[in-house]
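A quick write-up on the structure given underneath.
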Amino acid sequence: MRSPATLFGTLRIRRVVSAVTLGFALGVIPHVGPAAADTPGAEASALEHDLFRRPPSDLASLSPGQIVETRPTTPVLDGDVIPDVRGWQISYRSNDTNDEAILAITTLIVPVVEWTGPGARPVVSQQFAQDSAGQHCAPSVSMSTASGDPRIFLDRNWAVAIPDHEGPRAAFMAGVSGGHVVLDGIRAVRNLGEGGIAQENPWAMDGYSGGAQPTGWAAQLQPTYAAELPLKGVALGGLPADPAVVARHLDGTPFSGLMLAGLAGLSAEHPEAGIEGMLNTRGQAMLREMRSSCVDVISNYALRKLSDYTTVRDPISQPGPASALRRHALGGAAPTVPVYSYHGNLDEIIPVGQADSLTRAWCSDGTPVQSVRSPVAEHVTEEILNHQQAVGYLADRFDEKPAPDNC
């Protein structure tokens with residue numbers, strides 16, 4: 001388990017990041033320029049020339065999860081090397097929302113300390129909250145504690161796989177394709193066989209906020225898409241289960257930039273929805289910036305209305321966008337593995353009601369769900385309060401303890 005000092009440091013970082021981001025959004029802190037992670041020039045150029053990221057001509061002939069290429073990597077978090085681990089990047093075939101082949105990437109991190117059991121070393125697929133439509137914001141390019149932190153699992157001597165769940169289009173809020181990428185990433189790691197990770201290792205999945213949506217979709221799709229995977233449990237918090245509800249909630253708020261980034265992500269995944277055709281001149285410029293920005297979408301686009309960027313009054317209700325949003329709303333099927341669902345009742349970014357509706361649906365379909373709702377927590381404090389408990393929940397599933405269920 002992580003030491004108190006390490007845990008305190010991580011929570012302090014999260015609080016600072018959140019406070020600064022909110023300060024930019026509200027205008028309390030002046031935005032003097034993009035952070036290094038939000039300057040895409042060098043990173044975008046490197047991505048463009050990285051042959052590892054180019055799909056082979058025969059990609060569609062490969063099976064989902066089949067490896068295309070691998071390379072060793074030195075895992076870096078916030079610019080610092082993660083000590084005492086080994087790392088690999090794996091490119092593999094996955095599927096987009098329409099089951100067309102895409103090239104996906106996951107990063108495997110394995111502690112160098114030997115696993116002493118019992119059983120094989122646990123592995124967690126951790127979905128970072130990328131929360132942007134910029135390809136250079138993917139975890140395989142730059143990992144940041146503002147989006148996720150694998151050390152909470154590495155400190156337990158577990159291995160971690162971190163997929164670029166938004167895929168090659170940076171399709172933020174496209175949960176179906178994200179679920180495919182997550183599950184096929186687990187397949188790819190099992191196929192790789194490096195770091196002592198093979199077919200017998202047990203798996204769990206974890207994600208918060210923007211990382212919870214692909215986690216939820218992977219859990220919901222797994223029984224039919226990847227039934228062979230040895231999943232033991234799922235932890236998800238601050239879940240955007242219904243993108244349409246979340247988008248309407250964010251419109252005109254300090255966090256409206258997340259709504260606009262989601263619009264850019266869905267437009268990339270669903271050109272048939274006609275989203276770009278509904279944008280005015282300001283909207284076209286906004287879309288370009290969304291695809292070249294990371295966390296600064298919040299500070300640059302606070303308190304904006306979607307209608308300011310479109311030629312139609314209520315674009316969310318238009319047939320194309322409405323259909324795309326419905327496609328990525330969770331429900332209609334249910335996970336068969338235990339789920340830990342946590343959410344703050346005062347969440348100002350992702351309303352708790354739409355997550356509660358999904359929890360009730362999963363419960364009615366037989367999923368064992370432990371639902372935790374914090375009465376006084378908002379979005380950031382909820383993760384601080386309950387992520388450790390979520391990890392403990394996964395540890396109990398790895399130990400084969402009976403899953404609690406308060407459905």
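Numbering of residues begins at 1 and proceeds along the displayed sequence.
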Answer yes or no: is there a side-chain heavy-atom contact under 4.5 Å between [X] and [Y]?
X: Pro368; Y: Val339; result: no
X: Pro315; Y: Leu306; result: yes
X: Ser209; Y: Asp131; result: yes
X: Trp203; Y: Val124; result: no
X: Arg86; Y: Val112; result: yes
X: Leu192; Y: Ile197; result: no
X: Gln130; Y: Pro139; result: yes
X: Asn386; Y: Ser374; result: yes

Could you walk me through whether Ile350 and Leu239 satisfy the side-chain contact (heavy atoms from CB on, under 4.5 Å) test, starting with their C-alpha distance in whole Å, then the side-chain angles of each, then the deciding distance to 0.1 Å, before giving a yes or no?
CA-CA 7 Å; Ile350 302 174; Leu239 173 64; 5.9 Å; no
Which value, rounded to the nearest 0.5 Å, describes the distance between [X] atom [atom1] and [Y] atom [atom2]?
X: His343; Y: Arg373; atom1: NE2; atom2: CZ; value: 7.0 Å
X: His270; Y: Thr97; atom1: NE2; atom2: OG1; value: 4.0 Å
X: Leu229; Y: Gln199; atom1: CG; atom2: CD; value: 9.0 Å
X: Asp405; Y: Cys363; atom1: CG; atom2: SG; value: 6.0 Å
X: Thr281; Y: Gln284; atom1: OG1; atom2: CD; value: 7.5 Å
X: Ser317; Y: Arg248; atom1: OG; atom2: CZ; value: 6.0 Å

When you measure from the side chain of [X] to the backbone of [Y], do you find a donor-acceptor pair of N or O atoms at a distance under 3.5 Å?
X: Thr310; Y: Val312; result: yes
X: Gln220; Y: Trp217; result: no
X: Ser256; Y: Gly252; result: no
X: Thr367; Y: Pro335; result: yes
X: Arg304; Y: Gly257; result: no
X: His328; Y: Pro243; result: no
X: Gln89; Y: Glu69; result: no
X: Asp164; Y: Ala138; result: no
X: Gln354; Y: Asp242; result: yes
X: Gln127; Y: Ala212; result: no

If you compare all heavy atoms of [X] against all heavy atoms of [Y], which two are closest, and at what distance to 0.1 Å?
X: Pro321; Y: Met278; result: CD-CE, 3.6 Å
X: Ala188; Y: Ile67; result: O-CD1, 3.5 Å
X: Ala133; Y: Ala170; result: O-CB, 3.4 Å
X: Ile316; Y: Ala247; result: CD1-CB, 3.8 Å
X: Leu103; Y: Ser91; result: CD1-CB, 4.0 Å
X: Ala355; Y: Ala241; result: CA-CB, 4.5 Å

Test log, rule side-chain contact (heavy atoms from CB on, under 4.5 Å), inputs Met143 and Val76:
CA-CA 7 Å; Met143 288 199 298; Val76 173; 5.9 Å; no
Test the Arg397-Tyr393 pair against the cation-pi criterion, namely NZ or CZ under 6.0 angstrom from the six-membered ring centroid and within 45° of the ring axis.
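The answer is yes; both the distance and angle limits are met.
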Quick one, Arg53 with Asp50, criterion salt bridge (Lys or Arg N to Asp or Glu O under 4.0 Å). Give me CA distance, side-chain angles, the key distance, then yes/no.
CA-CA 6 Å; Arg53 298 175 185 276; Asp50 187 356; 3.1 Å; yes
Given Phe128 and Ile162, is the side-chain contact (heavy atoms from CB on, under 4.5 Å) satisfied, shown in steps?
CA-CA 7 Å; Phe128 275 30; Ile162 305 169; 3.7 Å; yes
So Thr145 and Asp78, side-chain hydrogen bond (donor to acceptor under 3.5 Å, both in side chains) or not? Walk me through it.
CA-CA 7 Å; Thr145 51; Asp78 290 332; 2.5 Å; yes
Pair Glu289-Tyr301, side-chain donor/acceptor within less than 3.5 Å:
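On atom types as modelled, these side chains qualify, holding a pair under 3.5 Å.
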Distance-only side-chain donor-acceptor flag, Tyr225 / Asn95, under 3.5 Å:
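There is such a pair (donor and acceptor under 3.5 Å, judged by atom type) between the side chains of Tyr225 and Asn95.
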Can you say whether the rings of His379 and Tyr208 are parallel (under 30°), tilted (30 to 60°) or perpendicular (over 60°)?
tilted
Parallel, tilted or perpendicular: which one describes the rings of His387 and Tyr342, with boundaries at 30° and 60°?
parallel
Strictly below 4.0 Å, N to O, side chains only: are Glu166 and Arg291 in salt-bridge contact?
no
What residues form a side-chain contact (heavy atoms from CB on, under 4.5 Å) with Ala101, not counting sequence neighbours?
Leu59, Ala60, Arg93
Counting only heavy atoms not in Arg71 (residues, nucleotides, ligands), do more than 12 fall under 6.0 Å from its CZ?
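Result for CZ/Arg71: enclosed.
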Is atom CD of Glu114 surrounded by more than 12 heavy atoms (other residues, nucleotides or ligands) closer than 6.0 Å?
no
Tell me, with the steps shown, if Lys232 and Leu394 meet side-chain contact (heavy atoms from CB on, under 4.5 Å).
CA-CA 8 Å; Lys232 299 296 184 181; Leu394 297 180; over 6 Å; no
Using the salt bridge (Lys or Arg N to Asp or Glu O under 4.0 Å) rule, collect all pairs that involve residues 187-206, keeping only residues at least two apart or in two chains.
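Of all non-adjacent pairs touching residues 187-206, those that pass salt bridge (Lys or Arg N to Asp or Glu O under 4.0 Å) are Asp184-Arg187, Arg187-Glu228.
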